[in-house]
Amino acid sequence: MPWRRQPSRDVVRAALAGPVLDVAPRLLGARLTHAGVTVRLTEVEAYAGPDDPGSHAYRGRTPRNEVMFGPAGRLYVYFTYGMHFCANVVTGSDGDPSAVLLRAGEIVDGLDLARSRRTRGPDRDLARGPARLCQALAIGREQNGLDLAELLVLGEPAGEVDTGPRVGLRHAADRPWRFWITGEPTVSRYVAAKPRPSST
DNA sequence: GTGGGGATTTACT
DNA sequence: GTAAATCCCCACA
């Protein structure tokens with residue numbers, strides 16, 4: 001009804017529609033809920049449009065990266081290394097293939113469920129790393145394109161934010177487009193890309 | 001149709 | 001520290 005407070009889903013969509021480098025740090029501290037588990041995001045990476053050599057969208061639109069080219073606020077899920085899923089929040093205006101990779105978070109609800117989805121280990125590792133985060137939240141192929149407007153809660157204070165190079169990329173490894181909350185134990189450690197085996 | 005590579009995690013030495 | 005697991009995507013022929 002018109003006199004009600006504006007639904008939070010519209011606020012979320014509007015917030016995510018901005019430039020990806022602005023949106024990425026603002027996702028820190030946000031809460032994402034799926035399949036009975038809620039995480040507080042502590043580490044993300046920006047993938048900035050069609051000119052970012054590290055982005056799946058760099059070589060244009062394909063069936064896999066289709067969702068990245070759509071409107072902000074949807075989930076882009078991809079499968080990699082034959083066994084892992086990773087999740088991104090699509091940002092920017094419709095047609096701009098920018099997204100934010102969800103690299104790590106702290107489980108704040110559904111702890112037992114998250115534990116049951118992961119191999120045994122310390123709780124701080126349950127969503128420490130993009131594939132672990134997906135596993136804890138039970139995000140997979142079927143969640144590609146999912147509208148996050150109802151699942152994502154923004155506005156939590158993130159604390160101090162650090163930036164640095166993105167993890168595991170061969171190209172554009174110098175761009176400091178990884179963001180994390182300073183001092184968080186759930187943040188994954190930096191790992192450079194494996195160098196290509198040299199034939200010399 | 002073929003082949004190289006991957007925004008990772010885990011287990012083992 | 002290093003290596004294995006494991007399959008989908010995409011570029012090219």
Side-chain angles (χ1 to χ4, degrees), chain A residues 20-21 23-25 27-28 32 37 39 41-70 74-92 96-107 114-146 148 162-180 185-200:
Chain A
V20 65
L21 293 178
V23 173
L27 283 173
L28 295 174
L32 175 62
V37 173
V39 299
L41 299 175
T42 56
E43 181 189 6
V44 300
E45 277 176 3
Y47 287 83
D51 299 322
D52 175 5
S55 171
H56 288 168
Y58 184 56
R59 301 196 180 273
R61 189 172 184 146
T62 69
R64 176 173 69 154
N65 64 28
E66 175 84 25
V67 172
M68 289 183 85
F69 288 80
R74 304 235 285 252
L75 198 65
Y76 166 51
V77 180
Y78 67 89
F79 182 71
T80 191
Y81 291 102
M83 64 195 89
H84 297 305
F85 293 98
C86 299
N88 302 252
V89 175
V90 175
T91 69
D96 166 25
S98 293
V100 178
L101 173 68
L102 307 180
R103 283 204 58 89
E106 176 198 10
I107 310 288
R115 284 184 187 130
S116 73
R117 290 172 179 156
R118 299 269 320 129
T119 61
R120 196 134 171 74
D123 286 348
R124 75 178 158 280
D125 286 353
L126 287 172
R128 190 185 192 204
R132 290 169 170 174
L133 184 145
C134 280
Q135 204 176 350
L137 289 173
I139 288 172
R141 198 185 313 278
E142 331 231 313
Q143 278 68 46
N144 190 38
L146 182 69
L148 294 176
D162 274 341
T163 69
R166 294 176 292 183
V167 173
L169 271 75
R170 272 219 251 269
H171 300 294
D174 55 314
R175 304 187 193 189
W177 289 350
R178 176 179 175 229
F179 303 84
W180 65 92
T186 55
V187 173
S188 56
R189 82 186 190 291
Y190 177 72
V191 180
K194 291 184 199 161
R196 191 194 296 255
S198 156
S199 56
T200 55

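A, B, ... follow the sequence lines: proteins, then strands. Residue 1 opens every chain.
- To the nearest angstrom, P of dT8(B) lies 9 Å from NE2 of His84(A).
- Nucleic acid contact for Arg118(A): sugar-phosphate only, since backbone atoms but no base atoms lie under 4.0 Å from a heavy atom of the residue.
- Under the 3.5 Å distance criterion, with hydrogens and angles disregarded, no donor-acceptor pair is assigned to the side chains of Gln135(A) and Arg117(A).
- Taking atom CD of Glu43(A) as the reference point, atom P of dA7(B) lies 15 Å away to the nearest angstrom.
- Applying the side chain to side chain contact (heavy atoms under 4.5 Å, CB included) criterion to Ser55(A), with sequence neighbours excluded, gives Tyr47(A), Asp52(A), Ala57(A), Met68(A).
- Residues satisfying the side chain to side chain contact (heavy atoms under 4.5 Å, CB included) criterion with Arg115(A), sequence neighbours excluded, are Leu111(A), Asp112(A), Asp123(A), Leu126(A).
- Distance from the side chain of Asn88(A) is smallest for dA7(B) among the nucleotides dA7(B), dT6(C), dT10(B).
- You'll find that the side chain of Phe79(A) is closest to dC8(C), out of dT8(B), dC8(C), dA5(C).
- Note: Trp180(A) CH2 to Glu45(A) CD = 9.5 Å, rounded to the nearest 0.5 Å.
- Between Trp177(A) and Val20(A), every side-chain heavy-atom pair lies at or beyond the 4.5 Å cut-off.
- How far NE2 of His56(A) is from OH of Tyr76(A): 5.0 Å, rounded to the nearest 0.5 Å.
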Output a table of donor-acceptor pairs, distance under 3.5 Å, between side-chain atoms of residues 97-105 of chain A and any protein atom two or more places apart or on a different chain; print 'none' if there are none.
| from | atom 1 | to | atom 2 | distance (Å) |
| --- | --- | --- | --- | --- |
| Ser98(A) | OG | Gly49(A) | N | 2.9 |
| Ser98(A) | OG | Asp96(A) | OD1 | 3.0 |
| Ser98(A) | OG | Asp96(A) | OD2 | 3.3 |
| Arg103(A) | NE | Glu43(A) | OE2 | 3.1 |
| Arg103(A) | NH2 | Ser188(A) | OG | 3.3 |

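- For DNA chain B, the neighbouring residues in residues 54-70 of chain A, judged by any heavy atom under 4.0 Å, are Gly54(A), His56(A).
- Looking at DNA chain C, the stems built from 3 or more consecutive Watson-Crick or G-U wobble pairs, each pair with its key distances under 3.5 Å, are B:1-6 with C:7-12, B:8-12 with C:1-5.
- Remark: C1' of dT8(B) and CZ of Arg178(A) are 14 Å apart, rounded to the nearest angstrom.
- At the heavy-atom level, Leu169(A) lies under 4.0 Å from the strands shown only through sugar-phosphate atoms.
- The side chain to side chain contact (heavy atoms under 4.5 Å, CB included) check on Gln143(A) picks up His34(A), Leu75(A), Val77(A), Ile139(A), Leu146(A), with sequence neighbours excluded.
- Listed in residue order, the members of residues 122-142 of chain A having a heavy atom less than 4.0 Å from DNA chain B are Gly129(A), Pro130(A), Ala131(A), Arg132(A).
- When the side-chain hydrogen bond (donor to acceptor under 3.5 Å, both in side chains) test is applied to Thr163(A), no partner is found at least two apart in sequence or on another chain.
- Remark: Arg61(A) engages Glu66(A) in a salt bridge, criterion side-chain N to carboxylate O under 4.0 Å.
- For Pro53(A), the side chain to side chain contact (heavy atoms under 4.5 Å, CB included) test picks out Tyr58(A), His171(A), Ala172(A), Arg175(A), with sequence neighbours left out.
- The side-chain hydrogen bond (donor to acceptor under 3.5 Å, both in side chains) test applied to Arg59(A) returns no partner, not counting sequence neighbours.
- dA5(C) has no stacking from Tyr81(A) on its base ring, since the centres under 5.5 angstrom apart and planes within 30 degrees of parallel are not both found.
- In this structure, CZ of Arg103(A) is placed 12 Å from C1' of dT9(B), rounded to the nearest angstrom.
- Distance CZ (Phe85(A)) to C1' (dT9(B)): 14 Å, rounded to an integer number of Å.
- The base of dA7(B) sits within donor-acceptor range of the side chain of Tyr78(A), with an N or O pair under 3.5 Å.
- A tilted orientation is assigned to the rings of Phe79(A) and Phe85(A), their planes being inclined by 30° to 60°.
- Note on residues 129-143 of chain A: no pairs pass salt bridge (Lys or Arg N to Asp or Glu O under 4.0 Å), not counting sequence neighbours.
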Heteroatom pairs (N/O) under 3.5 angstrom, protein to nucleotides 1-4 of chain C:
none

